[in-house]
2 protein chains.
Amino acid sequence: MTALASAVNATPTAKPYALLTLADGGQLDIEALRRHVPVRRCKHAAGQGVYRAGQAFEALYLVHAGSYKTCELADDGREQVTGFRMRGDLIGAESIGLKNYSCDVIALEDSEAWELPYPAVLRACLQLPELQARITHALAAEVRRDRSWMLMLGTLAAERRVAAFLLDVAARYAHMGYSAKHFILRMSRIDMASFLALKHETVSRALSRLNDLSVISVQRREVRVLDVDGLRTIAGSGMAVS
Amino acid sequence: MTALASAVNATPTAKPYALLTLADGGQLDIEALRRHVPVRRCKHAAGQGVYRAGQAFEALYLVHAGSYKTCELADDGREQVTGFRMRGDLIGAESIGLKNYSCDVIALEDSEAWELPYPAVLRACLQLPELQARITHALAAEVRRDRSWMLMLGTLAAERRVAAFLLDVAARYAHMGYSAKHFILRMSRIDMASFLALKHETVSRALSRLNDLSVISVQRREVRVLDVDGLRTIAGSGMAVS
DNA sequence: AACGGTTTGTAACAGTCTGTAACAACAATC
DNA sequence: GATTGTTGTTACAGACTGTTACAAACCGTT
């Protein structure tokens, strides 16, 4: 990573954040949660897993720094990246109700997630009605987000998918207080391609074309958005992630 | 529908069913729920909506008979079928936490869903801890199911997607007590194609080819599975829907 | 039984995306 | 600083799916 790049969206300041950004921005903060649940800070090196499919389900995780990918696995080895998680995102909720985690969650860079042991969370839910609602809302939001990507994957051509993806990344960085016009992608072309149901060469070509159209400027993982409206037009009036 | 067809998987008998088939088959039955929540039976003609995106979110629904499709809509008119719902499936949970429903749910045939007013459900959750867990589990299962389809859509070619879809339909009919080897598809080719992120002609071609391979026998919406293992091989060792 | 409208099937053609391959840029290691 | 491996880019040929068009089957209605 170049010196310039590292200044764009580096490790965040320790600014406090609400639990479960995904939901509607309510008031339950991490300190209230800590009074009921023993929180352990877990650091992960790039490529290391928070958990893997099949491991015993024991905790939820809250991303504190860095970024992760969630991967679905098939018996025959097929693999699919189903999403990327950043600061404030909840991890592990998809496995609630199971004895074992149903997917892999892997750090894309050196990252940190806070471990919330599930039995403690369950007990805390009885005393903090807000927490229960928050988790339910986060799950519902996750369903909506996944479906909104299904809409995107089912109706947009390759180049438009890539454009929609960039807009989503930009919006998420903006939400975290970073620049929406200049950022570093944390995932490889292969992960991006898997998520977008494309091949990595196709993603490269699409990015190059968006670059040639002067809608963005891209060099490897560094992206500058030059024409947001142009990008929105290509993506089809953008995402409707709720 | 032919006389033969109607005998295959017609309106179900009024066999009692557990709440939220999607989850892990627990014990909370519909009678326990009725003691806390006023249940209204809602009938829908084919093509009629249970609710539409934008309508005020007021209730969850439990499919009692028939079948529905869930549709995601984009601002610019793009549309994507994101799933099909049958007896025992919960509808509306994806909109929990919102003021308005986020998608359309439309009956594929004459169907019936039981309305569970959400405020009453919320109150009931305080008295029936099982209910709260059930809804949470159903939501988590919904996330897993959607991701498992993302895996399928992202990694399988057209013909294999259709095969995987047929296996899923067969499994769901089997779960409801119908034949897994002989059933009637309730959705049009267009809905099926939308769900599988294909065009309806491609679905037609794939079905014709599976028919020519003697893996299935298909005539319009009537399907006979002749070679389950063959179908599984084509689909890539089947789905891992949990 | 005849009538439109819808749904489904088939075909030829065109287009996008993919697969392969070679190369370039970068990172990590020695 | 050279080397090795990973990641990303680009070009070209080829396969699959999408497009378009039309015909047949089915449905509900008259």
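Order of the sequence lines sets the chain letters (A, B, ...), proteins ahead of strands, with each chain counted from 1.
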Considering only distance and modelled atom types, tabulate donor-acceptor pairs under 3.5 Å from the side chains of residues 41-49 of chain A, sequence neighbours left out.
| unit_1 | atom_1 | unit_2 | atom_2 | d |
| --- | --- | --- | --- | --- |
| A:Arg41 | NE | A:Glu112 | OE2 | 2.7 |
| A:Arg41 | NH2 | A:Glu112 | OE2 | 3.1 |
| A:His44 | ND1 | A:Tyr68 | OH | 2.9 |
| A:Gln48 | OE1 | A:Ala45 | N | 2.8 |

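A perpendicular orientation is assigned to the rings of A:Phe57 and A:Tyr101, their planes being inclined by more than 60° (bins at 30° and 60°).
Separating the CD1 atom of B:Ile190 from the P atom of C:dT6 is a distance of 11 Å, rounded to the nearest angstrom. Taking atom CE of residue B:Met187 and atom P of nucleotide C:dT6, one finds them 21 Å apart after rounding to whole Å. Per the geometry, CZ belonging to B:Arg189 stands 10 Å off P belonging to C:dT10, to the nearest Å. Here the C1' atom of nucleotide C:dT8 and the CG atom of B:Asp191 are 13 Å apart, to the nearest Å. If you measure from atom CG of A:Leu156 to atom P of C:dT16, you get 15 Å, rounded to the nearest angstrom. Computed from coordinates, the A:Asn211 CG to D:dT9 C1' distance equals 12 Å when rounded to whole Å. Separating the CD atom of B:Glu222 from the C1' atom of D:dC26 is a distance of 14 Å, rounded to the nearest angstrom. Across the protein-nucleic acid pair, B:Leu185 atom CG and C:dT7 atom P stand 15 Å apart, rounded to whole Å.
Comparing B:Arg221 and A:Ala158 by the nucleotide of DNA chain C that holds the closest heavy atom to each, the one mapping nearer the 5' end is B:Arg221.
A 4.5 Å side-chain heavy-atom check between A:Leu226 and A:Val215 finds every atom pair outside the cut-off. Within the 4.5 Å cutoff, side-chain heavy atoms of B:Leu108 are placed close to those of B:Phe84. At a threshold of 4.5 Å between non-hydrogen side-chain atoms, the residues A:Cys71 and A:Lys69 count as touching.
Taken residue by residue, residues 198-207 of chain A places heavy atoms nearer than 4.0 Å to DNA chain C at A:Leu198, A:Lys199, A:Glu201, A:Thr202, A:Arg205.
Between the A:Ser95 side chain and the A:Leu98 main chain, no donor and acceptor come within less than 3.5 Å of each other.
A salt bridge does not link B:Arg144 with A:Glu94: every distance from a Lys NZ or Arg NE/NH1/NH2 to an Asp or Glu carboxylate oxygen is 4.0 Å or more.
Note on A:Ser188: every side-chain N or O is 4.0 Å or more away from OP1 and OP2 of D:dT6.
Within 6.0 Å of the CZ atom in A:Arg221, the count of heavy atoms belonging to other residues, nucleotides or ligands exceeds 12.
Over its length, the helix from C:dA1-D:dT30 to C:dC30-D:dG1 turns its helix axis by 50°, as judged from the five terminal pairs at each end, rounded to 10°.
Contacts of A:Arg220 with the nucleic acid, taken as non-hydrogen atoms under 4.0 Å apart, include base atoms.
Interatomic distance, B:Glu79 CD to B:Asp191 CG, rounded to the nearest 0.5 Å: 8.5 Å.
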